[in-house]
Each structure stands twice: as C-alpha cells, then as structure tokens.
2 protein chains.
Amino acid sequence: MSYSIGQVSKKLGITVDTIRYYDKSGILPFVKKNEIGRREFTDNDVHLMRTIICLKNAGVSVADISKFIDYRLQGDSTLNERYQLLEEHRKDLQQQITDLQDTMSYLKFKEWYYQTAVEAGTEEIHFVPNTNEVIPDLADEYSNHLKETGQVDEFQRFSNVKDYRNR
Amino acid sequence: MSYSIGQVSKKLGITVDTIRYYDKSGILPFVKKNEIGRREFTDNDVHLMRTIICLKNAGVSVADISKFIDYRLQGDSTLNERYQLLEEHRKDLQQQITDLQDTMSYLKFKEWYYQTAVEAGTEEIHFVPNTNEVIPDLADEYSNHLKETGQVDEFQRFSNVKDYRNR
DNA sequence: CCTTGTCCTGGAGCCGACTCCAGGATATAT
DNA sequence: ATATATCCTGGAGTCGGCTCCAGGACAAGG
C-alpha cells in the first residue's frame with residue numbers, strides 16, 4: 001500500500017520537482033526507496049507531508065520545517081520542543097493574519113477613494129482645492145462614511161495603530 | 001516642506017536601499033530631485049508610498065504596483081482601471097486571509113495533537129495500537145474535543161473543503 | 001523489440017525582492 | 001580644515017524556493 005511520487009504529487013497538488021526539492025533539502029527523511037531506487041510513500045508519509053505543506057502555507061521556511069522534522073526523528077523526548085515550535089509559528093501566523101486584515105482595511109479605504117472618484121469623474125474631489133494634494137484628514141471622512149452607512153469602523157483602530165494616515 | 005530619503009526611510013520603516021530599489025524599478029516616478037540630484041519627498045509622496053507599501057503587504061508584486069502608478073500618471077481617465085485593480089487585489093487578499101485561517105485551524109489541530117501527546121508523555125496515544133501510523137480519523141476526535149470544550153468547530157468546515165484529512 | 005511513460009540524480013538556471021558595495025559629491029559639527 | 005554623516009549611481013551579489021535540464025534506468029502495451 002504505497003504511492004509513487006507522481007501519485008503523491010497529484011494528491012497534494014504540488015509538482016514532483018517540488019517534492020524532490022523537499023527531499024533534497026532534508027525535510028522528507030522518512031520517505032523510503034524501493035529496490036530500484038524509487039520513492040515509495042505510505043499513507044503516513046502523505047499525512048506528514050500535509051503537515052509540512054501546512055507549515056509552508058503558514059510561511060515557515062524549509063530550514064525551520066527541517067528542524068521540526070529532525071525533532072520528530074528523535075522520538076518522544078522532543079514532544080515538548082515540537083509543541084513549542086508549533087505554538088511559536090501559530091502566534092506568528094496570527095500576527096500575519098492581523099497584519100493582512102489591517103492591510104485589507106486600508107485597501108477598502110482606497111477602494112472607497114476610487115469608487116467615489118469614479119462616480120465624480122475626477123480624483124479632485126479628494127484634493128485640497130487648487131492643489132494636487134490629498135486632503136490631510138480624508139481618513140476621518142471615510143470613517144464618517146462607514147458610520148453613516150452602518151458599517152463597523154475597523155479602519156479607526158487600524159489608523160491609530162499603524163499611523164497610515166496622512167498628517 | 002520636504003523630506004530626505006533617510007527621513008522617509010525612518011517614517012515608513014523601510015531601508016534607503018529599498019526606497020532606491022523601488023525608484024529604480026519605476027514605482028516612484030513622482031519623486032523629484034533637487035539641484036544637486038538628491039531626492040526630495042513631499043507629504044503627498046510619503047502618502048502615496050504608504051499606499052504602495054500597503055499593496056506590497058497585500059502581496060502585490062512590484063511589477064503590478066508599477067501598473068497602478070502608471071495609471072495614476074495618466075490622470076482621471078484611468079480612475080476606473082485603478083479601481084478595478086484595487087478590487088482585484090482586495091479579492092486576492094481576502095482569499096489569502098481565508099487560506100491562512102484554514103492553515104491556522106490545522107495548526108491548532110496539530111497543537112492539540114502535541115499538547116495531548118506531551119501530557120501523555122508519548123505520541124503513541126495517537127497511533128493505531130502497535131504501529132507507527134496515526135489514527136486515520138483523528139480529526140473527528142479533535143472535532144469532538146472542540147465540541148466538548150464548547151469551542152467553535154472551524155476545523156470541520158476546513159477539513160471538508162481542503163481534504164487535509166487522512167483517509 | 002520498440003515506443004511511451006514514469007522514475008532517478010546532479011547540477012544549472014531563474015525570479016523577485018532586496019542588499020551591499022565602490023567611488024564620488026555635498027553637508028554639518030567642531 | 002577636518003571628520004563624520006548623508007546622499008548619489010551603477011552594478012554585482014544574495015537568498016529562498018523552486019524549475020528545468022541532461023543522461024540514464026526500468027516497466028508495460030502493442
């Protein structure tokens with residue numbers, strides 16, 4: 001009951017080259033080869049590779065994943081280290097998500113900026129009269145717009161934290 | 001009222017080298033130089049650069065940002081194009097966030113896996129007896145655990161969508 | 001037997017996004 | 001006047017994560 005590299009490639013949605021690259025990089029030490037040198041993946045191997053891909057998706061580098069896999073090879077004595085590592089990366093991931101959500105708020109603000117500009121037919125509605133400068137506290141105007149249309153002002157929080165506003 | 005490259009670097013939290021790299025890459029065509037060839041950034045320039053950094057944070061490539069900036073130089077006739085571009089990238093970003101949240105669910109599952117293993121002192125509690133194989137429907141057990149402890153089962157949705165489960 | 005398909009290795013190439021010079025000009029502080 | 005800081009350009013180097021050969025082995029179908 002085992003799979004070839006091509007089958008695993010399809011199963012996991014990554015190329016065979018990528019799988020070989022991972023193996024070269026030492027993060028697939030558990031994958032065994034048969035008599036004629038071909039890789040044979042067990043269900044368990046595939047399972048582990050899903051975890052690896054998950055870590056990769058979380059932005060963990062191949063080098064760090066390698067650390068995790070090394071621990072695994074050492075057995076139960078490293079359970080705690082592995083737990084710590086995962087926790088660290090989970091916190092990291094949480095930060096990433098939060099950052100992206102902030103970016104999203106800003107993008108939405110810019111979308112509002114352009115949507116209103118498109119409606120007006122000109123960007124000038126956002127400029128200080130007779131200049132090419134954007135109105136300094138345009139962000140406040142946007143916040144008002146959010147309030148008026150009954151939307152949650154996630155942007156307020158964001159502009160305080162990040163100082164993305166124009167001062 | 002203008003800033004040197006060093007001042008902007010501090011203001012935006014990116015290196016002067018990065019700013020020069022952006023300029024070389026053509027995404028800062030609005031930055032002017034003074035008589036002796038030094039860059040002078042206006043408030044408006046800094047404002048625009050925040051937008052650029054926002055797009056970068058959203059995972060937009062320098063090449064794509066360049067497209068946006070080119071449109072901007074063409075004036076009001078491209079307002080709609082710019083709006084479309086932002087919308088596209090916003091959708092993209094939303095997908096990214098959703099993906100990361102899925103990854104987060106899986107990471108939490110793995111954390112549970114290791115926390116319980118640490119408590120038990122061995123990983124074997126998750127194996128099929130007398131093998132080194134992980135219990136096939138361990139994910140269900142985790143779902144139960146979530147239910148029992150009154151947590152929202154974001155994992156269920158996730159495992160259906162992504163087939164990250166072991167079958 | 002020959003073709004087609006899948007696999008192997010080692011190593012080169014590529015891409016994006018920086019990052020780091022060398023060599024030179026100007027500015028500021030003492 | 002000298003030292004230190006900041007700026008400039010052009011171009012080379014780095015790094016991670018693939019991606020793509022070349023050259024060769026074996027397997028299965030017609």
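Note on naming: letters A, B, ... go to the chains in the order of the sequence lines (proteins, then strands), and numbering restarts at 1 for each one.
Each of A:Thr18 and A:Arg38 was matched to the nucleotide of DNA chain D holding its nearest heavy atom; the match closer to the 5' end belongs to A:Thr18. Comparing B:Lys10 and B:Lys33, the nucleotide of DNA chain D nearest to each residue sits closer to the 5' end for B:Lys10. Looking at which nucleotide of DNA chain C each of B:Val60 and B:Ile36 is closest to, the 5′-most match is held by B:Val60. Both B:Ser61 and B:Asp17 lie close to DNA chain C; mapped to their nearest nucleotides by heavy-atom distance, the more 5′-ward contact belongs to B:Ser61.
The side chain of A:Ser4 places an N or O atom within less than 4.0 Å of a non-bridging phosphate oxygen (OP1 or OP2) of C:dC7. For C:dC8, the OP1/OP2 oxygens have a side-chain nitrogen or oxygen of A:Arg39 closer than 4.0 Å.
C:dC8 atom P lies 15 Å from atom NZ of A:Lys32, rounded to whole Å. Atom-to-atom, CD of A:Glu35 to P of C:dC8 comes out at 13 Å; the value is rounded to the nearest Å. B:Ile14 has its CD1 atom 14 Å from the C1' atom of C:dT19, to the nearest Å. Spacing between atom OH of A:Tyr3 and atom P of C:dT6 amounts to 18 Å, rounded to whole angstrom units. Nucleotide C:dG16 holds its C1' atom 13 Å from the CG atom of B:Asp64, rounded to whole Å.
Summarising the geometry, atom CD belonging to A:Glu88 is positioned 13.0 Å from atom CG belonging to A:Leu93; distances are rounded to the nearest 0.5 Å.
With hydrogens and angles ignored, the 3.5 Å screen pairs no side-chain donor or acceptor of A:Asn57 with any backbone N or O of B:Asp99. Under a 3.5 Å cut-off, the side chain of B:Thr78 and the backbone N or O of B:Glu81 do not form any donor-acceptor pair. At least one donor-acceptor pair closer than 3.5 Å links the side chain of B:Asp45 to the backbone N or O of B:Thr42. With hydrogens and angles disregarded, a donor-acceptor distance shorter than 3.5 Å links the side chain of A:Thr98 to the backbone of A:Gln94. B:Ser66 places no side-chain N or O within donor-acceptor distance of the main-chain N or O of B:Val62, the cut-off being under 3.5 Å. Distance alone, capped at 3.5 Å, is enough to place a donor-acceptor pair between the A:Gln7 side chain and the A:Ser4 backbone.
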Would you give me the side-chain donor-acceptor pairs under 3.5 Å for residues 117-124 of chain A, sequence neighbours excluded?
unit_1   : atom_1 : unit_2   : atom_2 : d
A:Glu119 : OE2    : A:Gln115 : NE2    : 3.4
A:Thr122 : OG1    : A:Glu124 : N      : 3.0
A:Thr122 : OG1    : B:Asp76  : OD2    : 2.5
A:Glu123 : OE1    : B:Arg82  : NH1    : 3.0
A:Glu123 : OE2    : A:Tyr113 : OH     : 2.8

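For the ring pair (Phe, Tyr, Trp, His ring centres under 6.0 Å) with B:His126, the qualifying choice from B:Trp112, B:Tyr114, B:Tyr142 is B:Trp112, the only one to do so.
Bounding nucleotides for the chain B contact on DNA chain D, 5' to 3', at a heavy-atom distance below 4.0 Å, are D:dT6 to D:dG11.
Within residues 20-30 of chain A, the residues having any heavy atom under 4.0 Å from DNA chain C are, by residue number, A:Arg20, A:Lys24.
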